[in-house]
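As C-alpha cells, the structure follows; a few thoughts come after it.
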Amino acid sequence: VKGLKGGEVEKVQVVAGEAMGVLLSSRGGNAFWRQRASSKAMGSIMGTIEAEVAEGKEGKTEDMKILGALVAASAFACTLPVELLDKTWGEDGKIDLIECLVTGIVLAEKRGGGGGWTDGAWGSVVKNSLASFLRLIGGGGEREEMLNKRRSTLLPIMLHHASSACSISAILALECTIKLGGSKEVKEDKVLIKRICEGLKESLSHDRREVREKAVEARNLYMLL
C-alpha cells in the first residue's frame, strides 16, 4: 500500500480481505483445502487484529489498519467447516474468531457514528461481519453461548444497522436480530426487549419494502417474548 493515500489504502485492504473470501468460496476448493488454508492463514490474520486492537487501546494506531484482516476473518466464518469455528488461533492459541468479529462490528460502529459506514470501506466490514454472525447465531455450543453473552453489545448495533440506507446491511442486521431473539437470555431481559421494539420503528418506515417486511417479522417476534 505504499504510495497510496487516505481512502485508497482502505479500499486496497478491503479488496485483499474480500479476495480471501473469493478463494475460500471457490467451487474447486473442498473442505480439506479450506481447513489447510485456515491453518496457514488464520493465525496470522487474527493475530494482526489482536495486535492492532491492543496498540489502539494505547493510542498508537488507527482502526483502519485492520480493515482487510476483519473482512478476511468474516470470510473464514462464512466458509469454514462448522467444527473449525470453535477453534482458537494465533501463536498462543488464545485468539477467538467470535471475539474478532465482535471487535470488527464494534469498531465499524465507532468509526461510522451517524452512518458513514454505509458505503465506504467500513461498510464492507459491516456487511461481511453481519453475514458471519448470521451463520454463527443459532449454532449451539460454545459459539452460541459466547454470542449470547455479548447480546447487550450486539443487539443495539444490529438495530443501528437495521435502519441503514443500504438494504443489504439492513436485512442482514434484522435477520441477526431475529435469530438472537431465540436465546433464553434475551427472552428474560425485558428492558432489552422494550429497547429493541422501540428501536425497530425506523426500520418499519424504511424506503425498501423488503426491509419493512423483515422489520415487521422482528417486531412481532419481540413483542411476543
Side-chain angles (χ1 to χ4, degrees), residues 70-71 73-75 77-79 82 85-86 96-120 122-225:
L70 288 169
V71 173
S74 297
C78 287
T79 57
V82 174
L85 297 178
D86 291 328
D96 184 82
L97 178 59
I98 291 177
E99 287 286 358
C100 286
L101 296 173
V102 172
T103 294
I105 204 161
V106 169
L107 287 177
E109 184 76 0
K110 182 178 72 174
R111 287 187 64 84
W117 33 258
T118 300
D119 299 315
W122 281 105
S124 295
V125 174
V126 167
K127 286 191 278 286
N128 282 280
S129 296
L130 290 173
S132 301
F133 285 123
L134 197 54
R135 186 186 184 204
L136 294 168
I137 298 170
E142 293 182 10
R143 284 176 284 118
E144 186 77 3
E145 183 179 348
M146 291 181 69
L147 284 168
N148 285 334
K149 286 180 180 178
R150 290 157 181 77
R151 66 191 184 280
S152 59
T153 298
L154 288 173
L155 277 167
I157 293 176
M158 297 300 177
L159 283 177
H160 186 178
H161 295 302
S163 59
S164 170
C166 173
S167 60
I168 296 175
S169 293
I171 291 173
L172 286 171
L174 287 165
E175 289 278 10
C176 290
T177 301
I178 291 169
K179 277 201 168 186
L180 283 169
S183 71
K184 177 183 177 182
E185 290 81 1
V186 171
K187 291 176 181 178
E188 294 175 348
D189 194 334
K190 300 303 179 184
V191 174
L192 182 59
I193 290 172
K194 183 178 180 180
R195 181 179 178 184
I196 292 168
C197 290
E198 288 291 321
L200 286 169
K201 289 180 178 178
E202 287 189 46
S203 302
L204 289 167
S205 59
H206 199 278
D207 292 340
R208 300 296 294 270
R209 184 181 65 180
E210 58 267 32
V211 176
R212 297 196 299 271
E213 290 175 346
K214 189 59 64 176
V216 168
E217 183 181 344
R219 181 198 61 186
N220 291 346
L221 170 68
Y222 279 89
M223 288 183 70
L224 293 173
L225 292 180

Please round to the nearest 0.5 Å and tell me the distance separating atom CD1 of I157 and atom SG of C176.
11.5 Å
d(L154 CG, I98 CD1) to nearest 0.5 Å is 9.5 Å
Among all residues two or more places apart in sequence or in another chain, which pass the side chain to side chain contact (heavy atoms under 4.5 Å, CB included) test with E217?
I178, K214
Only pairs under 3.5 Å count here: list side-chain donor-acceptor contacts from residues 218-225, not counting sequence neighbours, and write none if there are none.
{"from": "N220", "atom 1": "ND2", "to": "V216", "atom 2": "O", "distance (Å)": "3.3"}
{"from": "Y222", "atom 1": "OH", "to": "T177", "atom 2": "O", "distance (Å)": "2.5"}
{"from": "Y222", "atom 1": "OH", "to": "G181", "atom 2": "N", "distance (Å)": "3.1"}

At their closest point, which heavy atom of K127 faces which heavy atom of L172, and how far apart are they?
O-CD1, 3.7 Å
How long is the span from the CD atom in E210 to the CD1 atom in I168, to the nearest 0.5 Å?
10.0 Å
Identify, with sequence neighbours excluded, every residue that meets side chain to side chain contact (heavy atoms under 4.5 Å, CB included) alongside A215.
L174, S203, L204
Return the CG to OG distance between L134 and S129, rounded to the nearest 0.5 Å.
12.5 Å
Any donor-acceptor N/O pair, S164 side chain to H160 backbone, under 3.5 Å
no
Can you tell if the side chain of E202 reaches within under 4.5 Å of the side chain of L159, non-hydrogen atoms only?
no
Roughly how far apart are L155 CG and L192 CG, rounded to 0.5 Å?
5.0 Å
Any donor and acceptor pair, going by atom type alone, linking the side chain of R195 with main-chain N or O of P156 inside 3.5 Å?
no
